[in-house]
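Before any comments, here is the structure.
All heavy atoms count here, side chains included; hydrogens, waters and symmetry mates do not. Note that the numbering runs from 1 along the sequence shown for the chain.
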Amino acid sequence: MKKALAMVLAIMCVLALAGCGADPAEAVCSWMQNLKADDISETLAWNMSTTEDLRAELTQEQTAELVSLLNALTEENFTDNSEFVGGTAEFGVTLKIDGKYYNINQSIDPRGDLEVGYGEKLWFIDNDALTDFVRSVTAVESFDAAA
């Protein structure tokens, strides 16, 4: 009986330790790769670089394009910002998923033009296509055109 209990405890320890070696970027990457437009109940572009805060809901087409870009990200696009380096973002996109809000916003760090909070961590995102998209939907001109 004691041998069986010791064996079970040993297996549990090995399994627990195996999870510690996993790449932490895998979780945020997997989440974004599996995201669907239907999962998002609200997608808001915002820009705070003017005297007034500009906010606009993305269209279904823009949301679908954003999801496509997020689905294409790989682990190499993410860097853990464990030092919480950053500043006040001037622009970004906010996603509402299952009642939670996720900001994909401007980063001032060279490890990524964008950043996102996920899994109680802050992640830099280095991807030109996603950065170009976020810049385009948050540009002051895009808010002027929507008015």
Q. Any link between I104 and M48 through a network of hydrophobic side chains (Ile, Leu, Val, Met, Phe, Trp, Tyr) touching at under 4.5 Å?
A. no
Q: For atom CD of E83, decide whether the heavy atoms of other residues, nucleotides or ligands shown that lie under 6.0 angstrom number more than 12.
A: yes
(Q) If you count heavy atoms of other groups shown closer than 6.0 angstrom to CG of N34, is the number above 12? (A) yes
**Q.** Main-chain N/O of T59 paired to T63 side chain as donor or acceptor, under 3.5 Å
**A.** yes
Q) Does D109 use its side chain to pair, donor to acceptor, with the backbone of G112 at less than 3.5 Å? A) no
Q: Please assess D80 against K121 for the test side-chain contact (heavy atoms from CB on, under 4.5 Å), listing each intermediate value before the final yes or no.
A: CA-CA 7 Å; D80 183 359; K121 289 189 176 202; 3.4 Å; yes
Are a donor atom and an acceptor atom from the side chains of [X] and [Y] found within less than 3.5 Å of each other?
| X | Y | result |
| --- | --- | --- |
| D113 | S107 | no |
| N47 | E90 | no |
| W123 | T79 | no |
| N77 | T74 | yes |

Which value, rounded to the nearest 0.5 Å, describes the distance between [X] atom [atom1] and [Y] atom [atom2]?
| X | Y | atom1 | atom2 | answer |
| --- | --- | --- | --- | --- |
| S41 | K100 | OG | NZ | 13.0 Å |
| I40 | I97 | CD1 | CD1 | 5.0 Å |
| S30 | E75 | OG | CD | 9.0 Å |

Minimum heavy-atom separation for [X] to [Y], with atom names?
| X | Y | result |
| --- | --- | --- |
| A45 | V137 | CB-O, 3.5 Å |
| D126 | R111 | CB-O, 3.7 Å |
| R55 | L44 | CB-CD1, 4.0 Å |

Taking the side chain as every heavy atom from C-beta outward, state whether [X] and [Y] have any pair of such atoms under 4.5 Å apart.
| X | Y | result |
| --- | --- | --- |
| L54 | W46 | no |
| N105 | V93 | no |
| L70 | L95 | yes |
| T131 | V134 | no |
| R135 | F91 | yes |
| M32 | I125 | yes |
| V116 | N103 | no |
| Y102 | K96 | no |

Q) For Q33 and L73, what are the C-alpha separation, side-chain angles and deciding distance, and is it a side-chain contact (heavy atoms from CB on, under 4.5 Å)? A) CA-CA 7 Å; Q33 288 176 340; L73 294 175; 5.5 Å; no
Q: Compute the centroid of each ring, for W31 and then for Y118, and state whether the two points are separated by less than 6.0 Å.
A: yes
